[in-house]
Amino acid sequence: MKIVLGLAIFLAMLAMFALLVEIIVGLGIWVFRPLDNAAKGRRCPTQFTVVDFLCLFFIVQAPTALIHSKTFADGAGVYWLDGFVWICCGLIWWKSVEVMSRAGIRRPWHRIVFLTVVFPVTVVASIATPILPFAFFASLDGPSIVALIVVGVGFAAAGGLMFSAWFTRRMVAAAAPAQAREPDAGEVGEVTLAGAEDAGRQTGDPLPE
(Lines give C-alpha, C1' and ligand atoms only; values in the text may rest on other atoms or scores of the structure.)
Protein backbone atom coordinates (compact mmCIF):
# COMPACT_ATOMS: atom_id res chain seq x y z
CA MET A 1 0.00 0.00 0.00
CA LYS A 2 2.79 2.40 0.90
CA ILE A 3 4.54 1.63 -2.38
CA VAL A 4 1.39 2.41 -4.37
CA LEU A 5 0.83 5.63 -2.43
CA GLY A 6 4.44 6.70 -2.92
CA LEU A 7 4.22 5.94 -6.64
CA ALA A 8 1.01 7.96 -6.92
CA ILE A 9 2.60 10.92 -5.16
CA PHE A 10 5.66 10.67 -7.40
CA LEU A 11 3.53 10.57 -10.56
CA ALA A 12 1.46 13.53 -9.33
CA MET A 13 4.60 15.56 -8.66
CA LEU A 14 5.97 14.58 -12.06
CA ALA A 15 2.74 15.67 -13.77
CA MET A 16 2.79 18.95 -11.84
CA PHE A 17 6.37 19.58 -12.88
CA ALA A 18 5.51 18.85 -16.52
CA LEU A 19 2.58 21.27 -16.30
CA LEU A 20 4.81 24.01 -14.88
CA VAL A 21 7.36 23.48 -17.64
CA GLU A 22 4.60 23.58 -20.27
CA ILE A 23 3.29 26.88 -18.88
CA ILE A 24 6.77 28.41 -18.84
CA VAL A 25 7.53 27.29 -22.40
CA GLY A 26 4.08 28.35 -23.60
CA LEU A 27 4.51 31.88 -22.27
CA GLY A 28 7.91 32.15 -23.92
CA ILE A 29 6.50 30.96 -27.24
CA TRP A 30 3.63 33.45 -26.99
CA VAL A 31 6.06 36.34 -26.55
CA PHE A 32 8.76 35.34 -29.04
CA ARG A 33 6.82 33.55 -31.80
CA PRO A 34 6.40 36.67 -34.04
CA LEU A 35 10.16 37.25 -33.93
CA ASP A 36 10.91 33.61 -34.72
CA ASN A 37 8.43 33.58 -37.62
CA ALA A 38 9.98 36.77 -39.01
CA ALA A 39 13.46 35.27 -38.77
CA LYS A 40 12.38 32.16 -40.65
CA GLY A 41 10.57 34.18 -43.31
CA ARG A 42 13.05 37.01 -43.91
CA ARG A 43 16.35 35.17 -43.34
CA CYS A 44 18.49 38.30 -43.29
CA PRO A 45 22.25 37.90 -42.69
CA THR A 46 23.44 37.66 -39.10
CA GLN A 47 25.23 40.81 -37.90
CA PHE A 48 26.79 41.54 -34.51
CA THR A 49 27.10 45.21 -33.58
CA VAL A 50 28.95 47.14 -30.89
CA VAL A 51 25.61 47.75 -29.19
CA ASP A 52 25.05 44.00 -28.94
CA PHE A 53 28.39 43.47 -27.17
CA LEU A 54 27.65 46.31 -24.74
CA CYS A 55 24.34 44.61 -23.96
CA LEU A 56 26.20 41.35 -23.32
CA PHE A 57 28.39 43.04 -20.70
CA PHE A 58 25.28 44.50 -19.07
CA ILE A 59 23.45 41.15 -19.06
CA VAL A 60 26.37 39.36 -17.41
CA GLN A 61 26.77 42.00 -14.69
CA ALA A 62 23.45 41.35 -12.90
CA PRO A 63 23.84 37.60 -12.17
CA THR A 64 27.57 38.02 -11.49
CA ALA A 65 26.85 40.74 -8.94
CA LEU A 66 24.24 38.49 -7.32
CA ILE A 67 26.71 35.62 -7.07
CA HIS A 68 29.32 37.83 -5.44
CA SER A 69 26.85 39.53 -3.10
CA LYS A 70 27.18 39.07 0.64
CA THR A 71 24.49 36.38 0.75
CA PHE A 72 26.29 34.11 -1.70
CA ALA A 73 29.81 35.10 -0.75
CA ASP A 74 29.29 33.82 2.80
CA GLY A 75 28.83 30.30 1.41
CA ALA A 76 31.55 28.06 0.08
CA GLY A 77 32.14 26.97 -3.48
CA VAL A 78 29.96 29.51 -5.29
CA TYR A 79 32.59 31.14 -7.48
CA TRP A 80 32.46 28.37 -10.05
CA LEU A 81 29.02 29.77 -10.90
CA ASP A 82 30.74 32.65 -12.70
CA GLY A 83 31.70 30.38 -15.58
CA PHE A 84 28.23 28.84 -15.68
CA VAL A 85 26.60 32.28 -15.79
CA TRP A 86 28.93 33.55 -18.50
CA ILE A 87 28.31 30.49 -20.66
CA CYS A 88 24.51 30.62 -20.23
CA CYS A 89 24.28 34.37 -20.78
CA GLY A 90 26.63 34.16 -23.74
CA LEU A 91 24.62 31.42 -25.45
CA ILE A 92 21.31 33.21 -24.84
CA TRP A 93 22.78 36.50 -26.08
CA TRP A 94 24.26 34.90 -29.19
CA LYS A 95 20.98 33.18 -30.11
CA SER A 96 18.96 36.34 -29.47
CA VAL A 97 21.22 38.46 -31.68
CA GLU A 98 21.12 35.83 -34.40
CA VAL A 99 17.31 35.65 -34.40
CA MET A 100 16.97 39.45 -34.37
CA SER A 101 19.40 39.77 -37.26
CA ARG A 102 17.62 37.08 -39.26
CA ALA A 103 14.35 38.90 -38.64
CA GLY A 104 15.79 42.15 -40.03
CA ILE A 105 15.91 44.04 -36.71
CA ARG A 106 18.54 46.73 -37.29
CA ARG A 107 17.50 49.64 -35.07
CA PRO A 108 19.96 49.88 -32.16
CA TRP A 109 17.39 50.89 -29.55
CA HIS A 110 15.16 47.94 -30.51
CA ARG A 111 18.07 45.56 -30.01
CA ILE A 112 19.03 47.22 -26.70
CA VAL A 113 15.52 47.01 -25.25
CA PHE A 114 15.04 43.43 -26.42
CA LEU A 115 18.36 42.17 -25.04
CA THR A 116 18.37 44.05 -21.74
CA VAL A 117 14.65 44.24 -20.91
CA VAL A 118 12.34 42.05 -22.97
CA PHE A 119 14.27 38.79 -22.88
CA PRO A 120 15.26 38.88 -19.16
CA VAL A 121 11.78 40.01 -18.10
CA THR A 122 10.14 37.28 -20.17
CA VAL A 123 12.37 34.56 -18.73
CA VAL A 124 11.90 35.66 -15.11
CA ALA A 125 8.17 36.35 -15.45
CA SER A 126 7.53 33.06 -17.26
CA ILE A 127 9.26 31.11 -14.49
CA ALA A 128 7.54 33.08 -11.72
CA THR A 129 4.00 32.93 -13.14
CA PRO A 130 3.23 29.23 -12.44
CA ILE A 131 4.97 29.40 -9.05
CA LEU A 132 3.23 32.50 -7.70
CA PRO A 133 -0.16 30.80 -6.99
CA PHE A 134 1.55 28.28 -4.71
CA ALA A 135 3.54 31.07 -3.06
CA PHE A 136 0.32 33.04 -2.47
CA PHE A 137 -1.48 30.18 -0.73
CA ALA A 138 1.61 29.46 1.34
CA SER A 139 1.82 33.13 2.37
CA LEU A 140 -1.73 33.14 3.77
CA ASP A 141 -0.46 31.54 6.98
CA GLY A 142 2.04 34.37 7.53
CA PRO A 143 1.85 38.16 7.77
CA SER A 144 -0.54 39.84 5.36
CA ILE A 145 2.26 41.95 3.93
CA VAL A 146 3.83 38.81 2.45
CA ALA A 147 0.63 37.96 0.58
CA LEU A 148 0.43 41.53 -0.72
CA ILE A 149 4.01 41.31 -1.93
CA VAL A 150 3.26 38.06 -3.78
CA VAL A 151 0.20 39.65 -5.41
CA GLY A 152 2.28 42.66 -6.41
CA VAL A 153 4.90 40.39 -7.94
CA GLY A 154 2.15 38.59 -9.84
CA PHE A 155 0.82 41.81 -11.34
CA ALA A 156 4.38 42.87 -12.19
CA ALA A 157 5.01 39.54 -13.93
CA ALA A 158 1.79 39.81 -15.92
CA GLY A 159 2.60 43.39 -16.89
CA GLY A 160 6.13 42.42 -17.89
CA LEU A 161 4.87 39.61 -20.13
CA MET A 162 2.30 41.86 -21.79
CA PHE A 163 4.90 44.57 -22.41
CA SER A 164 7.37 42.03 -23.79
CA ALA A 165 4.77 40.58 -26.18
CA TRP A 166 3.69 44.06 -27.31
CA PHE A 167 7.24 45.29 -27.85
CA THR A 168 8.29 42.16 -29.74
CA ARG A 169 5.38 42.50 -32.14
CA ARG A 170 6.00 46.23 -32.62
CA MET A 171 9.71 45.62 -33.18
CA VAL A 172 9.04 43.00 -35.84
CA ALA A 173 6.43 45.17 -37.57
CA ALA A 174 8.78 48.18 -37.59
CA ALA A 175 11.53 46.30 -39.44
CA ALA A 176 11.73 47.81 -42.93
CA PRO A 177 10.83 45.46 -45.81
CA ALA A 178 14.06 46.51 -47.55
CA GLN A 179 15.96 44.71 -44.81
CA ALA A 180 14.65 41.37 -45.96
CA ARG A 181 16.97 38.77 -47.43
CA GLU A 182 18.27 39.23 -50.95
CA PRO A 183 17.58 36.24 -53.22
CA ASP A 184 20.53 33.97 -53.85
CA ALA A 185 21.92 33.00 -57.25
CA GLY A 186 19.71 29.93 -57.58
CA GLU A 187 16.56 31.91 -56.88
CA VAL A 188 17.63 34.63 -59.37
CA GLY A 189 18.12 31.96 -62.02
CA GLU A 190 14.68 30.49 -61.33
CA VAL A 191 13.05 33.92 -61.57
CA THR A 192 14.90 34.69 -64.83
CA LEU A 193 13.92 31.36 -66.36
CA ALA A 194 10.30 31.85 -65.34
CA GLY A 195 10.32 35.29 -67.00
CA ALA A 196 11.81 33.83 -70.18
CA GLU A 197 9.13 31.12 -70.27
CA ASP A 198 6.39 33.73 -69.95
CA ALA A 199 7.93 35.81 -72.72
CA GLY A 200 8.25 32.76 -74.96
CA ARG A 201 4.60 31.87 -74.50
CA GLN A 202 3.58 35.39 -75.49
CA THR A 203 5.88 35.74 -78.55
CA GLY A 204 6.07 32.14 -79.73
CA ASP A 205 9.89 32.18 -79.64
CA PRO A 206 11.72 29.03 -78.54
CA LEU A 207 12.80 28.91 -74.91
CA PRO A 208 16.50 29.43 -74.08
CA GLU A 209 18.50 26.32 -73.27
Below 4.5 Å, heavy atoms only, C-beta onward: do [X] and [Y] meet side chain to side chain?
{"X": "Val31", "Y": "Leu27", "result": "no"}
{"X": "Phe58", "Y": "Leu115", "result": "no"}
{"X": "Leu20", "Y": "Phe134", "result": "yes"}
{"X": "Pro34", "Y": "Arg169", "result": "yes"}

Got a sec, which residues hit ring pair (Phe, Tyr, Trp, His ring centres under 6.0 Å) with Phe119, two or more places apart in sequence or on another chain? Phe32

By ring pair (Phe, Tyr, Trp, His ring centres under 6.0 Å) - contacts of Phe136 (at least two apart): none

According to a 4.5 Å side-chain heavy-atom criterion applied to Ile, Leu, Val, Met, Phe, Trp and Tyr, with indirect links allowed, do [X] and [Y] form part of one hydrophobic cluster?
{"X": "Ile149", "Y": "Leu140", "value": "yes"}
{"X": "Trp166", "Y": "Trp30", "value": "yes"}
{"X": "Met162", "Y": "Phe114", "value": "no"}
{"X": "Ile59", "Y": "Trp109", "value": "yes"}
{"X": "Val117", "Y": "Leu35", "value": "yes"}

Pairwise distance [atom1]([X]) to [atom2]([Y]) - rounded to 0.5 angstrom:
{"X": "Ile127", "Y": "Ile131", "atom1": "CD1", "atom2": "CD1", "result": "7.0 Å"}
{"X": "Leu56", "Y": "Ile92", "atom1": "CG", "atom2": "CD1", "result": "11.0 Å"}
{"X": "Ile24", "Y": "Leu19", "atom1": "CD1", "atom2": "CG", "result": "10.0 Å"}
{"X": "Met171", "Y": "Ile105", "atom1": "CE", "atom2": "CD1", "result": "4.5 Å"}
{"X": "Met100", "Y": "Thr46", "atom1": "CE", "atom2": "OG1", "result": "11.0 Å"}
{"X": "Phe167", "Y": "Thr122", "atom1": "CZ", "atom2": "OG1", "result": "11.0 Å"}

Does any N or O in the side chain of Arg106 come within less than 3.5 Å of the main-chain N or O of Ser101, such that one atom is a donor and the other an acceptor? yes

Side chain Arg42, main chain Gly104, donor-acceptor under 3.5 Å: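 Not at all, since once roles are kept as given, no pair shorter than 3.5 Å links the two residues.
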
Heavy-atom closest contact ([X] atom, [Y] atom, distance):
{"X": "Ala125", "Y": "Ala157", "value": "CB-O, 3.7 Å"}
{"X": "His110", "Y": "Ala174", "value": "CE1-CB, 3.8 Å"}
{"X": "Thr116", "Y": "Cys55", "value": "CG2-SG, 3.9 Å"}
{"X": "Thr129", "Y": "Leu161", "value": "OG1-CD1, 3.8 Å"}
{"X": "Gly154", "Y": "Leu132", "value": "CA-CD1, 3.3 Å"}
{"X": "Ala103", "Y": "Ala175", "value": "O-CB, 4.2 Å"}

List in chain and number order the residues that pass salt bridge (charged side-chain N to carboxylate O under 4.0 Å, His left out) with Glu98, two or more places apart in sequence or in another chain; answer none if no residue qualifies. Lys95

So Val97 and Thr49, side-chain contact (heavy atoms from CB on, under 4.5 Å) or not? Walk me through it. CA-CA 9 Å; Val97 173; Thr49 66; over 6 Å; no

Which residue pairs satisfy the salt bridge (Lys or Arg N to Asp or Glu O under 4.0 Å) criterion with at least one member in residues 48-62, sequence neighbours excluded?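 Passing the test, one end in residues 48-62: Asp52-Arg111.
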
Set of residues satisfying side chain to side chain donor-acceptor pair (under 3.5 Å) with respect to Asp36, sequence neighbours excluded: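 In terms of side chain to side chain donor-acceptor pair (under 3.5 Å), with neighbours along the sequence ignored, Asp36 is linked to Lys40.
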
Suppose we screen for side chain to side chain donor-acceptor pair (under 3.5 Å). Which residues come up paired with Thr168, at least two apart in sequence or across chains?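 Counting only residues at least two positions away or on another chain, Thr168 forms no side chain to side chain donor-acceptor pair (under 3.5 Å).
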
Between Phe48 and Trp93, does the ring centre distance come in under 6.0 Å?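 Yes.
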
